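Presented below is the structure to which this report refers.
Just so we're clear, the structure is a prediction, and the values are computed from it rather than from any experiment. Counting starts at 1 for both ligands and their atoms, following the listed order.
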Amino acid sequence: MGKTLILGGSTLATALASEMAAAGRPAVLSYAGRTESPLAQPVPTRTGGFGGVGGLVTFLNENSITSVIDATHPFAVQMSTHAIEAANIAGVNLLALEPDPWAAAPGDKWACVADIEAAAVALADVAQRIFLAIGRLNLASFASQPQHHYLLRLVDRPKIPLPLPKTTVIVERGPFTLEEDVALMKTHEIDLVVAKNAGGEGARAKIDAARSLKLPVIMIERPAIAERRVVSTVSEAMHWLVHEADLGV
Ligand code: 3Y8
Ligand code: NAP
């Protein structure tokens, strides 16, 4: 059996790493180094960017990687794009592992927008109390709507001033529960939720909480990523490894 690079940073990546460790399959999980203390993993990890496509190709070759499973996140577009290009150059098998997108359920009050900038435009309205639960990396896009009070949930305490004048910051890493998100949104008298369509279970509590509280949601749709093989479960990824990647299919 070959050696697998897991591009990590998600619940599915962590679950895959556990399965691979249990199966005794050689793997290394990679973090970007975005957070101060990433979750420990049952396989060796590496942290930090590869240095673009070229750096990733070098890593694949120098570490005798035979397959890459991109389990980053539907919004980690640059990493996913680099993985497609580098796997092609290095002649390594690539699979994406990501959850299916959430679909609106009866009772949901979603306004779907194409991207983060469109979400900010959709907030051009009188001041509200907004649960902006999209992390830290894209907050600057909302500086055009300073009238709102934003409840921000971040993985680490921000080290530099935030680009928004009125904020309440919660420092917490997911996954989150429906009960805690209902309580959080009641405590902070939230009027509206902004979310990325991450899919999966780790980030969906706020969507279910919005439904039960009858609150509107601005749902940011996933960015387009070039064609690649995608599965949505760890068992499909393990099957691919054994029946395709190992056989060089
Ligand atoms: C650094 C690794 C695991 C992975 C757990 C999942 C679930 C909990 C929910 C909300 C939404 C958000 C955010 C979120 C969730 C999981 C998963 C997920 C959303 C860690 C992690 C890393 C990151 C990076 C971080 C981003 C941010 C996004 C917070 C670890 C904890 C909002 C995505 O401050 C920052 O720089 C944070 C940056 C990229 C998006 C953004 O634009 O800010 N994830 N999250 C990974 C690395 O260094 O490579 O620290 O352990 C992982 C997890 N976060 O193993 O169990 O699978 O999605 N992550 C979103 O969905 O919108 C929170 O609050 O409701
Ligand atoms: P991104 O914008 O697609 O990637 C930007 C650059 O960060 C990449 O080109 C690469 O640098 C580096 N990078 C990203 N993921 C990496 C990884 N797993 N290992 C090594 N380098 C990585 O990525 P992002 O959206 O900032 O996401 C960063 C991390 O947070 C990823 O691990 C992702 O799984 C996790 N995450 C992101 C989101 C989200 O909403 N974006 C949500 C949950 C988790 P080089 O070009 O130098 O190689």
Side-chain angles (χ1 to χ4, degrees), residues 5-18 28-43 45-60 68-86 96-99 101-102 115-116 119 131-142 151-160 162 169-178 180-181 184-185 190 193-210 217-223 225 232 234:
L5 169 64
I6 303 171
L7 294 174
S10 66
T11 308
L12 280 175
T14 297
L16 174 65
S18 299
V28 55
L29 185 143
S30 177
Y31 281 124
R34 283 258 185 279
T35 52
E36 284 164 8
S37 47
L39 208 56
Q41 295 289 342
V43 297
T45 60
R46 66 164 299 286
T47 299
F50 294 99
V53 173
L56 180 50
V57 170
T58 302
F59 180 87
L60 297 176
V68 176
I69 297 186
D70 173 4
T72 51
H73 187 276
F75 284 73
V77 179
Q78 186 167 288
M79 186 70 259
S80 294
T81 304
H82 287 184
I84 294 167
E85 292 169 19
L97 169 59
E98 67 179 25
W102 299 314
D115 52 32
I116 287 167
F131 184 15
L132 188 57
I134 58 164
R136 176 180 60 90
L137 297 183
N138 303 109
L139 294 180
S141 299
F142 295 86
L151 172 63
L152 305 177
R153 180 154 62 188
L154 305 177
V155 180
D156 296 314
R157 175 98 11 228
K159 294 178 184 54
I160 56 171
L162 294 169
V169 176
I170 307 273
V171 179
E172 191 180 355
R173 69 173 49 224
F176 306 102
T177 66
L178 172 62
E180 91 182 349
D181 277 8
L184 182 71
M185 289 155 71
I190 297 301
V193 177
V194 178
K196 293 176 183 172
N197 197 329
E201 298 310 310
R204 76 160 301 135
K206 59 187 176 288
I207 309 302
D208 295 338
V217 173
I218 291 181
M219 182 61 74
I220 301 166
E221 294 179 334
R222 295 179 172 189
I225 295 179
S232 59
V234 170

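Residues Glu85 and Leu56 are not in side-chain contact: their nearest non-hydrogen atoms beyond the backbone lie 4.5 Å or more apart. Using a 4.5 Å cut-off on side-chain heavy atoms (C-beta onward), Val28 and Val43 make no contact. Within the 4.5 Å cutoff, the side chain of Phe50 has no heavy atoms near those of the His82 side chain. A 4.5 Å side-chain heavy-atom check between Ser30 and Phe59 finds every atom pair outside the cut-off. Arg46 places none of its side-chain heavy atoms less than 4.5 Å from the side chain of Tyr31. Side-chain contact between Phe142 and Ile116 is present, with heavy atoms from C-beta onward closer than 4.5 Å. Looking at Thr72 and Ser80, their side chains come closer than 4.5 Å, going by heavy atoms from C-beta outward. No side-chain heavy atom of Asp181 sits under 4.5 Å from any side-chain heavy atom of Asp208.
Using a 4.0 Å heavy-atom criterion, the residues that approach ligand 1 are Gly9, Ser10, Thr11, Thr14, Tyr31, Ala32, Gly33, Arg34, Thr35, Pro38, Leu39, His73, Ala133, Ile134, Gly135, Arg136, Leu137, Asn138, Arg153, Val155, Arg173, Gly174, Pro175, Phe176, Lys196, Ala198, Gly202, Ala203, Lys206. Listed as neighbours of ligand 2 are Gly8, Gly9, Ser30, Tyr31, Ala32, Arg34, Arg46, Gly48, Gly49, Phe50, Gly51, Gly52, Thr72, His73, Phe75, Ala76, Val77, Gln78, Met79, His82, Leu137, Lys196, each bearing a heavy atom under 4.0 Å from the ligand.
In this structure, the side chain of Asn197 does not engage the main chain of Glu221 through any donor-acceptor pair within 3.5 Å.
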